[in-house]
2 protein chains.
Amino acid sequence: MATGDPTTPDVMTPDAGTAPSARERLLDAAVDHAARHGVSDLSLRQLATALGTSHRMLIYHFGSKEGLLTEIVRRVESRQRAQVAALAGDDPTSPTSLAELWDHFADESLWPWERLFFEVYAQALQGRPHARGLLDEAIDAWIDPLAEVLVARGTPPAHARDDARLMLAVTRGLLLDLLATRDRNGVDAAMRRFVALTDRRRADRD
Amino acid sequence: MATGDPTTPDVMTPDAGTAPSARERLLDAAVDHAARHGVSDLSLRQLATALGTSHRMLIYHFGSKEGLLTEIVRRVESRQRAQVAALAGDDPTSPTSLAELWDHFADESLWPWERLFFEVYAQALQGRPHARGLLDEAIDAWIDPLAEVLVARGTPPAHARDDARLMLAVTRGLLLDLLATRDRNGVDAAMRRFVALTDRRRADRD
DNA sequence: TGGTACATGTACCAAGTGGTACGTGCAGTC
DNA sequence: GACTGCACGTACCACTTGGTACATGTACCA
């Protein structure tokens, strides 16, 4: 009460070494909520009541709405990275097939996350500051692991990074399609065409 | 003054036959503003002052904020369709090359529109009602014209629609990449790889 | 000249916003 | 057992939001 400002805890310290529990639980729940309802018309109060707390607590833990959004984006990012790691390091002896990869991403259980990803991505493209972080990793972080997968499948290393970039674009583009049309069959057919293209080339050894 | 409600002009009539000028000018300016600043944190007041009018006028002409947003989206849609028409009908004797197509879309002058497109697309994926319209046309409207272009280039008709869907995904995916990284060279390289893939197959006549 | 329909601005409203001030319970520690 | 700092809630603030009421200007038509 006498101390200058007992509430807002410096904005820097709480996430450093201490406070593993409460804030973390809140963040998890917030990310979950964001995946279900989107993030662009999110209000602290609605979110707080949905999470069973008060908007004061969100400010307390995350400093501001921007801070909370930034943290949500960071978590989405880390989920993305975890997926990269999973697909790259997951048994390098048997190279993952592109079809497997696609099956993974196209699974309906991931749709809310992918919707959220594209939403934040779009906000980042419009310069919204809290989303900036996503942009830096959105491409680069994927190219190397994808290139590894491609090389393991026979792509000549000289073209691996370009092909990986293309592969990433195909995946995201078809994901946009899938989320809009929900036409899994149609999108699968398009992906099969892409796989056929690359396989044909692989047979030609170029 | 005695008449029931002289202001809000029924919400249905103003855009039908009458009022070609003022509302149209406002809408154009609003779309322009949206392309520059995005649409997700747009407020009627800010927009109105930016356009040199009062937020009352926006309500008057478009009924509500939702109405205005819907109209903006419609206009973006129509721009999209115009581009489809342009690339499809523009001299069918000399089939457009995929590289030309890509050069067109990757041009920096279109970036604001593409940012806006992805922003609205993402909002549509999250179920925002004003954006719904975009979703219906976002895929279907492109496949047929693109398939035509592909067939003209030698793609077997049996696969044309799947390939067109793939082509659309590649374009959008690489556009997402380009808007984020601004790395025109890198993205161009990836697109060249795709073109090479399709060309190789064309030589094989499959 | 008067009236009528459209166009536009000003003032206002209730609701919701992010953020703050402040009080309070509950650990742990001396 | 008093003190201390964290975690949390309540009440509040100034402000912005979308939308409305109403007055007024302007142009056309009789």
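Letters A, B, ... are given to chains in the order of the sequence lines, protein chains preceding strands, and every chain is numbered from 1.
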A.B. asks: Using whole Å, what does the distance between atom P of nucleotide C/dG19 and atom CG of A/Leu58 come to?
C.D. replies: 11 Å

A.B. asks: Check the phosphate of D/dC8 against A/Ser54, side-chain N and O only, distance under 4.0 Å to OP1 or OP2. Yes or no?
C.D. replies: no

A.B. asks: Starting from C1' on C/dT17, measure out to CG on A/Leu47 and report it in whole angstrom.
C.D. replies: 14 Å

A.B. asks: Rounded off to whole Å, could you give me the CD1-to-C1' distance for the B/Ile59 and D/dT20 pair?
C.D. replies: 9 Å

A.B. asks: Take the protein atom CG of A/Leu51 and the nucleotide atom C1' of D/dC8, then report the distance between them rounded to whole Å.
C.D. replies: 14 Å

A.B. asks: For A/Leu68 and C/dG18, what is the distance between atoms CG and P respectively, to the nearest whole Å?
C.D. replies: 10 Å

A.B. asks: Rounded to the Å, how far apart are B/Asp41 CG and C/dG18 C1'?
C.D. replies: 15 Å

A.B. asks: Holding to ring-ring contact (aromatic ring centres under 6.0 Å, His included), I want the full list of residues that pass it with B/His130, two or more places apart in sequence or in another chain.
C.D. replies: none

A.B. asks: Which residues pass the ring-ring contact (aromatic ring centres under 6.0 Å, His included) test with A/Trp142, sequence neighbours left out?
C.D. replies: A/Phe105

A.B. asks: Can you run through DNA chain D from 5' to 3' and write each base as (, ), [, ], | or . depending on how it pairs? Watson-Crick or G-U wobble, both distances under 3.5 Å.
C.D. replies: ||||||||||||||||||||||||||||||

A.B. asks: Please determine if B/Asp32 and B/Arg36 form a salt bridge, counting it only when a charged side-chain N lies under 4.0 Å from a carboxylate O.
C.D. replies: yes

A.B. asks: Where the side chain of A/Leu44 is concerned, which of D/dG18, C/dG18, D/dT20 is the nearest nucleotide?
C.D. replies: C/dG18

A.B. asks: Do the charged groups of A/Glu24 and A/Arg75 touch, with an N to O distance under 4.0 Å?
C.D. replies: yes

A.B. asks: Using heavy atoms to find the nearest nucleotide of DNA chain D for A/Met57 and B/Leu42 separately, return the residue whose nucleotide is more 5′.
C.D. replies: A/Met57

A.B. asks: For A/Phe62 and D/dA7, what is the distance between atoms CZ and P respectively, to the nearest whole Å?
C.D. replies: 12 Å

A.B. asks: What pairs of residues pass the ring pair (Phe, Tyr, Trp, His ring centres under 6.0 Å) test when at least one of them lies in residues 179-198 of chain A, not counting sequence neighbours?
C.D. replies: none

A.B. asks: A/His55: which residues meet the ring-ring contact (aromatic ring centres under 6.0 Å, His included) condition with it, sequence neighbours left out?
C.D. replies: none

A.B. asks: Given C/dT8, D/dC8, D/dG18, which nucleotide is nearest the side-chain atoms of A/Ala22?
C.D. replies: D/dC8

A.B. asks: Taking the minimum atom-to-atom distance to the side chain of B/Tyr60, which one of D/dG9, C/dT17, C/dC6 wins?
C.D. replies: C/dC6

A.B. asks: Any N or O donor-acceptor pair linking the side chain of A/His55 to the base of C/dG18 at under 3.5 Å?
C.D. replies: no

A.B. asks: What residues form a ring-ring contact (aromatic ring centres under 6.0 Å, His included) with A/Phe118, not counting sequence neighbours?
C.D. replies: none

A.B. asks: Choosing from D/dG9, C/dG9, D/dG19, which nucleotide comes nearest the side chain of B/Thr53?
C.D. replies: C/dG9

A.B. asks: Could you work out which one of D/dG18, C/dG9, C/dG19 sits closest to the side chain of B/Ser43?
C.D. replies: D/dG18

A.B. asks: For the pair made of NE2 in B/His61 and P in C/dA7, what is the distance, rounded to whole Å?
C.D. replies: 6 Å

A.B. asks: Does A/Arg45 contact C/dG16 through a side-chain donor or acceptor facing the base, at a distance under 3.5 Å?
C.D. replies: no

